[in-house]
Number of protein chains: 2
Amino acid sequence: MFFSKSCEYALKATMYLAKQGDNKRVGIKVIARDLNLPADYLNKVLQILVKHKLVLSSKGRYGGFYLTKNELNKSLLKIVKAIDGKDIFNRCGMGIENCSGEKPCPLHNDIKAYRDNILFVLSNKSVASTTSQINNGVTFLSKKVQM
Amino acid sequence: MFFSKSCEYALKATMYLAKQGDNKRVGIKVIARDLNLPADYLNKVLQILVKHKLVLSSKGRYGGFYLTKNELNKSLLKIVKAIDGKDIFNRCGMGIENCSGEKPCPLHNDIKAYRDNILFVLSNKSVASTTSQINNGVTFLSKKVQM
DNA sequence: ATTAAAATATGATATTTATCATCTTCATTT
DNA sequence: AAATGAAGATGATAAATATCATATTTTAAT
Ligand code: FES
Ligand code: FES
């Protein structure tokens, strides 16, 4: 509805890693199983995040993906931008060439408000900030599996 | 970013027809040229709207697509739902199975409020209501072509 | 050193969405 | 009635996205 599937997966996975806590390495199969997502595809997505240094990884036995304080403090917006690109927040909702206040489409004001709000939320919310509500059972990363 | 391309085209085309006024028939080639959209594809999209009785059409010479008072008064939401389906406003932004207050994802509260706002706007705004601002040069349906 | 278990890189396939093209049907003008 | 110009129906192709699969590299335990 707003993000690509890849981006949804990326958000879920980083929030999942945040929930595991500082420096805890988790292999792709476990992540995929817990979030019930396609493992190989999720793998590809996570590798993009690794390249952007939003997630860390170590190879070999007992390796896996993980976050440290540094990554935990990054904004969710960085995840989104890494996967869906920098300008999904500049696109016109009606597909006009580019969204501007100058030559706006008929839905510009309404769409922009929505878009800017999401942008604001994502840029202010850190990866780590999502953990406590998940742990308290207030919010969820999947409905099928209880974690 | 929110709507499919088909849906963007549908919105543009109906707003375009509204601007032409009551009962004015316009052929697909003209619409497509003025909005600079792919004609055959737009044709397909418009045929869906015709099936949903959101746009009228007549065949044969001097035929074309058009709106009457009846269609002009319908909400933009109907256009959106006809093309992108009834439940794009119920989908979780993070891809959780379904969006509910019961088992919300970590972004639910932030996403839902504004999503509901778009829903509200679209359900209250009629096709006709977009015309005057377009005619006054306040809003636009395309940047390339002046209409 | 060997081995095992993990990420990484890369490519193949499938699915969805968008686009192109062609033929049919219908209404209007002549 | 014939011809024309439009929508309607349908299918083929292309492009983008998502998924599956496999071989390679790296790390760490033994
Ligand atoms: S111009 Fe359409 S959303 Fe800004
Ligand atoms: S549960 Fe995710 S947006 Fe409502």
Side-chain angles (χ1 to χ4, degrees), chain A residues 1-14 17 20 23-33 35-67 71 80 82-85 88 91 94-95, chain B residues 1-14 17 20 23-33 35-67 71 80 82-85 88 91 94-95:
Chain A
M1 193 214 35
F2 199 98
F3 307 129
S4 68
K5 267 190 177 184
S6 296
C7 188
E8 292 176 354
Y9 295 175
L11 287 169
K12 284 183 184 176
T14 46
L17 288 173
Q20 312 311 309
N23 262 292
K24 175 71 187 302
R25 282 152 176 75
V26 190
I28 192 66
K29 283 182 211 146
V30 174
I31 304 174
R33 187 238 300 146
L35 296 173
N36 68 297
L37 300 177
D40 290 339
Y41 187 58
L42 183 60
N43 207 336
K44 257 184 182 170
V45 172
L46 281 182
Q47 279 167 34
I48 297 172
L49 296 182
V50 169
K51 283 227 180 72
H52 283 78
K53 299 184 200 288
L54 299 171
V55 167
L56 301 181
S57 66
S58 67
K59 287 183 172 182
R61 180 181 267 179
Y62 300 98
F65 296 98
Y66 64 104
L67 305 176
E71 290 74 46
V80 171
I83 304 295
D84 278 350
I88 64 163
R91 270 209 75 233
M94 280 184 61
Chain B
M1 188 217 36
F2 200 98
F3 306 128
S4 69
K5 266 189 177 185
S6 295
C7 187
E8 293 176 353
Y9 295 175
L11 287 169
K12 283 183 184 176
T14 45
L17 289 173
Q20 311 312 309
N23 262 291
K24 174 70 187 302
R25 282 152 175 75
V26 189
I28 191 66
K29 282 181 211 147
V30 175
I31 304 174
R33 188 237 300 145
L35 296 173
N36 68 296
L37 299 178
D40 291 338
Y41 187 59
L42 182 60
N43 207 337
K44 256 184 183 168
V45 172
L46 282 182
Q47 279 167 32
I48 297 172
L49 296 183
V50 169
K51 281 226 181 72
H52 283 78
K53 297 185 202 287
L54 299 171
V55 167
L56 301 182
S57 66
S58 67
K59 287 185 174 181
R61 181 180 268 179
Y62 299 96
F65 295 98
Y66 64 105
L67 306 176
E71 290 75 46
V80 171
I83 304 295
D84 279 350
I88 65 162
R91 273 209 73 232
M94 279 183 60

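Within every chain, numbering begins at 1; the chains are lettered A, B, ... in the order of the sequence lines, protein sequences first and strands thereafter.
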Euclidean distance, atom [atom1] of residue [X] to atom [atom2] of [N] [Å, nearest integer]:
| X | N | atom1 | atom2 | result |
| --- | --- | --- | --- | --- |
| B/Asn43 | C/dT22 | CG | P | 15 Å |
| A/Phe65 | C/dA7 | CZ | P | 5 Å |
| A/Asn36 | D/dA18 | CG | P | 17 Å |
| A/Asp40 | C/dA7 | CG | C1' | 12 Å |
| B/Lys12 | C/dA18 | NZ | P | 13 Å |
| A/Leu37 | D/dA18 | CG | P | 13 Å |
| B/Ile31 | D/dA7 | CD1 | C1' | 11 Å |
| A/Leu42 | D/dT17 | CG | C1' | 16 Å |

Side chain proximity check, [X] to [Y], heavy atoms < 4.5 angstrom:
| X | Y | answer |
| --- | --- | --- |
| A/Tyr9 | A/Leu46 | no |
| A/Ile83 | A/Leu49 | yes |
| A/Val30 | A/Arg33 | yes |

Remember a base hit wins even if backbone is also touched, and classify [X] as base, sugar-phosphate or nothing at under 4.0 Å, heavy atoms.
| X | result |
| --- | --- |
| A/Val55 | nothing |
| B/Ile28 | sugar-phosphate |
| B/Val45 | nothing |

**Minimum-distance nucleotide (side-chain atoms of B/Arg61 versus D/dA29, D/dT19, C/dT29)** =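 Looking only at side-chain atoms, B/Arg61 lies closest to C/dT29.
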**Prompt:** Given C/dT19, C/dA9, D/dC20, which nucleotide is nearest the side-chain atoms of A/Gln47?
**Reply:** C/dA9
**Message:** Please compare B/Ser4 and A/Lys29 by the position of their nearest nucleotide in DNA chain C and report the one closer to 5'.
**Reply:** A/Lys29
**Message:** Return whichever of B/Tyr9 or A/Val50 has its heavy-atom-nearest nucleotide of DNA chain C closer to the 5' end.
**Reply:**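 Nearest-nucleotide comparison on DNA chain C picks A/Val50.
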Is any side-chain N or O of [X] closer than 4.0 Å to OP1 or OP2 of [N]?
| X | N | result |
| --- | --- | --- |
| B/Lys59 | C/dT24 | no |
| B/Lys51 | D/dA9 | yes |
| B/Ser58 | D/dA6 | no |
| B/Tyr62 | C/dT28 | no |

**Asked** Hey, what do you get for CG (B/Asn23) to CG (B/Leu17), rounding to the nearest 0.5 Å?
**Response**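 With rounding to 0.5 Å, CG (B/Asn23) is 11.5 Å from CG (B/Leu17).
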**Item:** Single hit among B/Thr14, B/Leu56, B/Ile28 for side chain to side chain contact (heavy atoms under 4.5 Å, CB included) with B/Phe65
**Value:**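 Between B/Phe65 and the candidates, side chain to side chain contact (heavy atoms under 4.5 Å, CB included) is satisfied uniquely by B/Ile28.
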**Request:** Record whether the side chain of A/Lys44 comes under 3.5 Å of the base of D/dT19 through a donor-acceptor pair of N or O atoms.
**Result:**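 In this structure, the two groups form a donor-acceptor pair.
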